[in-house]
Structure formats: C-alpha cells, structure tokens
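Here is the structure we will look at, set down as structure tokens.
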Amino acid sequence: MATAQARLTEGGSRFEFNHWWRHNQRKFAPYIFIAPFFIIFLVFGLYPIVYSFVLSFYKGFGFEQKTFFGLGNYIHLFRDARYIKAVLNTTEYAAGSLFILSPLALLVALAINSVYVRWKGLYKIGLFFPVITSAVIIAIIFGRVLDQQYGLLNLLLSWFGIAPVAWLSNAPVVMPAYIIMGIWTWLGINSLYWLAGLNGINKEYYEAASIDGANAWSSFIHITLPMLRPVILFVVIQAIIGSYNLFEAPFLLTQGGPSDASMTLTLYIYTQGFQNFNVGYASAIAYSMTVLLLVLSVLNIRLFGWKAAGE
Amino acid sequence: MASINRRTFLKATGGLATASGAWWLSGCAPAFNTGAKKTLQFWAFSDTRIFWQQKAWELYKKLKKPDFDINWVIFPYNQMHDKVLITSQAGSGGPDIVDIEISQFSRFIKGDVVFVDLGPKLQEMGVLDNFYRPSATDPWTWKGKIYGIGNELNTCLMSYRWDIWKKAGVKTPIETWDEFAEEAKRFHQDTGNHLIEQMYDAVTGGQGYWWVMTLQGGGGLFDANGLPVLNKAPSIRTLTYQQNALKDGWSMRRPIGPAYNTALSEGKIATVLGPSWNFSGFTQENIPETKGKWHLQPLPRWTAGGSRTATWGGTGVSVLKTSESVAEAQDFVLFEHSTPEALLYDFAERQVWPTYKPALDDPRLSQPLPFFDNQKVGDLIKEVSPEINKWYNSPYYPETNGSCLRLGITPALLDLKMSPEAALNNAQNDALDTISFES
C-alpha cells in the first residue's frame, strides 16, 4: 500500500516537472546551450584570474603555505631591480613593435595595395606564413639566423663590412635581436591589418583630392592616415599587448640572459611562479602588467580612438 | 523516416552534451584501477633514461612477482616538472614515481616536501653506505632526509683531443690547474687555438665548468643550512682563474650552439670537462667523427692532495607522498638503484656509470672503449670517484643559481675589468636579499 502511494507521489512529481518544463523550456533552453562556455570560462578563466589577484596579497611557497602580506608584493616591485629590468626590456620590445614594425607593415601594405603590384593574393598568403608557424620553430630558426659565427644575419652584415655581432650573448644587442625576430614574425599579419583598413577607404576621396590638385603625399597625410585611425588604434593596442606577452623566444634562446638583458615580464612571472614557486609575487607582477597594459590602452584610445568611437 | 521534433532534438542534444561532458571531465580525474591489479604511474622526461628502468622493471617482475604494474608516461622536460609541482599541490592526478632532474629538485622542497623520505628504507636495506653519496643522494637530500636517489655517478674527468695535444707537445697527464694554464698559454701561442673555453651564461651551459672546478676545490652553492656561499674562497678562486684565462688570451668564451661542436671537431677547442653525459654522451652524439681521438685523465688538482674530480648534473627518482602505493613504489625504486644487473642496463644503453659501488665493480664497466682510443675509462672513474666532495642542496637553488650566473659569472667573464670577488659578492648579496624577501 505504502509502495503504491510512493509510486503515485513519484509519478505525480514527474508529471509536475514535465508540465513545468513544457511551459518554461523556451525560457531556459538557451541558457543550457550557452552554459558549457560559461562553466569552462568560470572554472578555467575567471577563477584563476580572481584567485591570482587574491594570491598577490600573500607570500609563501606554492598555493597552500601562504601568509597574508598586504601590499608587500606590490611595494617590493619598486625595489626589485630584475622587475624593473624586465619592464624596460619589454617596453623596448614594444617600442620596436610600435615604431619600427607597425610603420614597416604599413609601407608593405601600401606597396601591396598599389596598382602597380600584381599577384596581391600571393603576397598576402606569403606574408601570413610566419603567423601560422609555431613560436618554438621560429625561435629555433632564429637561433641559427642570429648565430655569431655561422648566422645568416652576420653573413649579410659582413657584405657591408660589419664585424660579426654576438646577437644572443651581448647584452646591448639581445633585445634588438628579438625586435628583428618580431618584425619577421609579425610583419605579415600587421600588413594585412593595414591592408584591410586601406581597402575600406572610399576611392572617391582620392579622386576628389586628385581633382583638387593633391599629390600622393598629401593624399596619404590628409586622407589615408585619418581614415586609418580605427585601424591604427587596433594595430597599436594589439602590438602593445602582444609585445608585453613576449615569452617563448627569450625563454628558449637566452633564458632571459645574459645577466637579465632579455628578461621579459612574462618570463619573470614564469621564473617567480614556477622556478622559485613564489606565486604571490608572480601574481603581483602579472597584475602590475595588467595595470600597465590598461593604462597604455586607455592612452591609445584617447589618442586614436575618440573620433572613431564617435563615428 | 521518423521526423524529429524540437523536444526530441533538445533531449538528444542535452543527452549528448551530458555524455560528452562526463567523458571530457573523466580526463581530468586521476587514474584509478578498476581491476584487482593496481598500476603505478611513472612520469619521466627522457625516453633514453627510462630504457634502463623499464628493463629493471622486467627484472623486478621476474624476481619479485609483484601484484602491481607500472605505466611510464613521458612529458617534455619543463612540462613534466611543472605538472608534478601542480598535481602535488592539488593532491591528486599526479604520478606515484617521478624522474626529477637535479636543478629542478629544489622547487619540490619549498615548504612541505612532496616526496617520501627514502632514508629509513635505505637504512633498513643496509645499502646506504654502498652508494657514492655526492651523486646518489646529496642532490636530493634536504635537512638530512633523502627525497630521491640517482643512478648516474657523473664523476667529472678531463677529456682531451690526444691527437692535437700530442702534435702540439702538450704534457700529459697534467697534474695541476697552474700547469694546465702554462700548457694552454704555450698551446695558444703555437697554434692560435685554445685548450679550453669558458661557459659564461645560460645559453653556453650555465655555471658548468665553474661549478665543476669549484666543487672540486671544496666549494659549492650552499652550506649545510641551505644558505648561499657564493663568495667563499673556492668560488672566487675558480672565477679568477677563468677570468685570467680570458684576459691572458689562452682561453675563449664558448661559441653558442653548433659552432661549439664545430670548434671541437676542428680542434680549435681541444678539451672537455665533465661527467660521462658530457665527455661520452654529448661528444659521441654531436661529433662522432672524432672517435678514437679522445683520452681522459683526472681533473688537474687545485692543491697538492686535493680532489681530482667533482660531480655535475644528474637525474634522481622520487616517490610522491600523494601516491596510494608508497611502499610498492619505494621498493621498486630502491631495487633498481641497488641491483647491479639493473644498473648495467643503463651503462649498456647510455654509458652511465652507476652510483652503487658493487655495480661499479663489475668488470664490464672497465672494458676498453673505442671512442676513447680503447682507454679503460671505468678504471679511471673508479679510481677518482671516492674523491668527489660532499655538497648541499637547498630550496633556494634556482634563486642562488640565478644570482650566481647573472651577477657573478656572466659579468666577470664578459667584462674582464670586473673583479671576480666583487661580482660574487654582488651575487651573494642578491641571493640573500631574494631569500630574505621570500622567507
């Protein structure tokens, strides 16, 4: 009797649930479909981001044995010569990306976009190849290219009577060596960004300017550059963020040396977090980098983005 | 054909998503045994290194008929050490047994040590004194507890191109480092080449020769308490010797990458210091064309009666505390390290001389070796191995090692005006500052 009663109750609840689901499923189904992304993001994205922020206020070894340290890790950043060196090195690389790579990529894009150049698609594909090449492979290739005795770069320089340079073991030239590597790697994709921007400019502007007597240079200064403002914003921000994430090449080729001459911020985070197991300090460095990137990005938006945003 | 309505589709998709999620998440869960026989996980980073261990396991199975199995998993070097660190912190998902490279060990002894102390079991077996401990246990020992054991003896010798030395009239054997400097000066004057080169930063081999010559001279990175001793007399003496070699022109900085092997092959550099993985492993692998052109001798002494060797590098095997089969794991690890037959597999595969003394006595290890002009290298190793000085490891190995290289060795060997003593003082102070901040 009791069993039959229980079965009836169970059947009733199932009926109620089915009834409720039939009426509400349109409301809930979309959430169920998008839930996997959010669950994964919460567990593997948001949680580590928040937890590392918490960790940045602790000191100790690893994740378990930690004591509250307040702002100690952040204060130590200003006294840590290695951290300052890492910031300077990374900034030097970012400056190379901004002031050498990006203009060079614009020149390449202008050349490809020119009416005199044929087989544009071929160039675009060719330029894109380094982007799909593993950073590890690029590092290995450049280990050979930058070799002091047998490297291609020194061979090239020797044609101009320049003595061999110890690119990877001489402190003053090691970051420029990585800038050269960065140019080779990222020139293509940056050119494609510029090309996309150039293709978006209405040709009628140039025709009108030409009728008014503007030469190529005036057209570039007064039409091309202003119209590229949104692309400039994008290229500059992604160049800065990408540059501040430089890790593989200095890790594989010079391990941050000689004497920290190629120590970058991400490499220093790895060194502190995984080599020294000082995860609190590593987290503080990571957040200092976030703040730095945030400030630089806001500055860029102010410089290049306000008009684009208005448009 | 039956039509699919929206409800059926939703049910099917939901079921599929749940099943896929469960399958995917099962990959995150630690391995467990569903059968009666459990399987121990052994993580390693070198397939050539596990060869002897797998052979040792076959021997173990034959002799002991265990009721467990071992599964070897090989990861890339950094990835494996990082994963062990993370899984040990998580408390699950890691291996039972792991290969730990010497320079990585200190990461695992910060705070609560994640490895099992093998000392009591070694004492119980009565085999501890049968090991050359500076290579077998010192690298994996912290505060008197032995958290790993290594089979690689890594006795350092001086390997030289006898054809080039003979042609140039270089005296053999060379007894002291002062004598070596004199011979090297004359060699450089006569041939324009160098008897030896200097490693000066991470890409040229790190501390390398500095470490070998410093340990040989009674120094090291740490004292018994695990604190840095970078500016002690043996360290300064070695760095001064290396810097003078560059100043006087009879030595050169090591070329980076393949250029170094080319220099060795062409005889522009005619000497290699180090243990068998260097003089035998790397040399045979990278410049096989020099077969028969090498001889070995003990390292020249610093002082009369001083040590003629050191130990450099190595990989140990540790058992994780998180393992559910600690006893079984320990039993196998200590079996493979204290069974001559098992250890000889590594000699056969990689020419590794063992740390276990009874195994080192095996006559097969003293056979003439063709790469070294049929010299009986094993006899030489046996002769000098008791002279390896004791040394200490520390949880602060990466910090101290980094300071030593960044502020001590690299500046002194790149800027020849920099005083080695001042450079090592800087390194010592930096290491102490870092440790003080961390602890």
Side-chain angles (χ1 to χ4, degrees), chain A residues 21-22 25-26 29 32-33 35-36 39-40 43 59-66 69 72-73 76 79-82 85 140 143-144 146-151 166-171 174 251-263 270-281, chain B residues 6-7 10 13-14 17 20-21 24 28 78 81-82 85-86 88-91 103-104 106-112 114 200-204 206 253-260 262-263 395-399 401-403 405-411 413-415 430 433-435 437-439:
Chain A
W21 177 242
R22 249 196 312 277
Q25 60 178 295
R26 274 178 176 277
I32 294 170
F33 275 106
I39 293 168
I40 292 169
V43 175
K59 75 184 284 187
F61 301 127
F63 303 99
E64 297 300 323
Q65 298 150 58
K66 52 188 191 289
F69 195 37
N73 284 324
H76 186 72
R79 293 198 295 250
D80 183 359
R82 294 191 81 189
K85 181 83 179 154
I140 291 167
R144 301 284 181 272
L146 299 169
D147 187 274
Q148 186 180 1
Q149 283 175 292
Y150 306 107
W167 292 102
L168 298 178
S169 56
N170 188 7
V174 69
F251 176 67
L252 290 167
L253 287 179
T254 48
Q255 292 166 36
S259 291
D260 283 342
S262 61
M263 178 62 76
Y270 175 80
T271 306
Q272 285 294 340
F274 284 92
Q275 305 249 299
N276 300 358
F277 213 19
N278 195 0
V279 290
Y281 190 49
Chain B
R6 191 168 54 85
R7 187 172 304 157
L10 280 174
T13 314
S20 310
W24 181 73
C28 302
N78 278 315
H81 290 101
D82 290 349
L85 195 66
I86 291 162
S88 66
Q89 289 287 309
S103 65
Q104 299 284 331
S106 60
R107 295 205 274 171
F108 301 93
I109 52 171
K110 284 192 165 172
D112 284 345
V114 303
Y200 58 93
D201 72 356
V203 281
T204 58
R253 294 185 190 100
R254 175 180 282 203
I256 296 175
Y260 169 63
T262 309
Y396 301 107
Y397 182 92
E399 293 88 338
N401 205 39
S403 300
L405 194 61
R406 270 185 305 111
L407 301 171
I409 295 168
T410 304
L413 297 185
L414 283 181
D415 174 9
D430 183 71
D433 281 350
T434 309
I435 291 168
F437 169 66
E438 286 182 8
S439 49

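Just so it is clear, the structure is predicted and the values come from calculations on it, not from any experiment. Scope of the values below: all heavy atoms of this structure, side chains included, with no hydrogens, waters or symmetry mates.
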Using non-hydrogen atoms only, which part of [X] is less than 4.5 Å away from chain B: side chain, backbone, both, or neither?
{"X": "Asp260(A)", "value": "both"}
{"X": "Gln149(A)", "value": "side chain"}
{"X": "Phe274(A)", "value": "both"}
{"X": "Leu253(A)", "value": "backbone"}
{"X": "Asn276(A)", "value": "both"}

**Request:** Find the one option among Ser103(B), Ala259(B), Ala90(B) whose heavy-atom pairs under 4.5 Å with chain A are most numerous.
**Result:** Ala259(B)
**Complete:** Pair count under 4.5 Å, heavy atoms only, with chain A: among His81(B), Arg406(B), Glu438(B), Gln104(B), highest is Arg406(B)
**Request:** Give the member of Gly72(A), Pro258(A), Ala171(A) that has the highest number of heavy-atom pairs under 4.5 Å with chain B.
**Result:** Pro258(A)
**Fill in**
Among Ile32(A), Thr271(A), Asn73(A), Asn278(A), the residue with the most heavy-atom pairs under 4.5 Å to chain B is Asn278(A)
**Prompt:** Do the rings of Phe69(A) and Phe437(B) sit parallel, tilted or perpendicular, given the 30° and 60° boundaries?
**Reply:** tilted
Quick one: what part of [X] sits under 4.5 Å from any heavy atom of chain A, side chain, backbone, both or neither?
{"X": "Leu414(B)", "value": "side chain"}
{"X": "Asp112(B)", "value": "both"}
{"X": "Thr262(B)", "value": "side chain"}
{"X": "Tyr396(B)", "value": "side chain"}

**Request:** Search all heavy atoms of Val203(B) against all heavy atoms of Leu168(A) and return the closest pair with its distance.
**Result:** CG2-O, 4.5 Å
**Asked** Are side-chain heavy atoms of Pro398(B) and Phe277(A) found at a separation under 4.5 Å?
**Response** no
**Item:** Sub-4.5 Å side-chain heavy-atom contact between Ile256(B) and Trp167(A)
**Value:** no
**Item:** Inter-residue atom distance Gln275(A).CD - Asn78(B).CG, 0.5 Å rounding
**Value:** 7.0 Å
**Asked** Could you state the interatomic distance from CG (Asp201(B)) to CG (Asn170(A)), rounded to the nearest 0.5 Å?
**Response** 10.5 Å
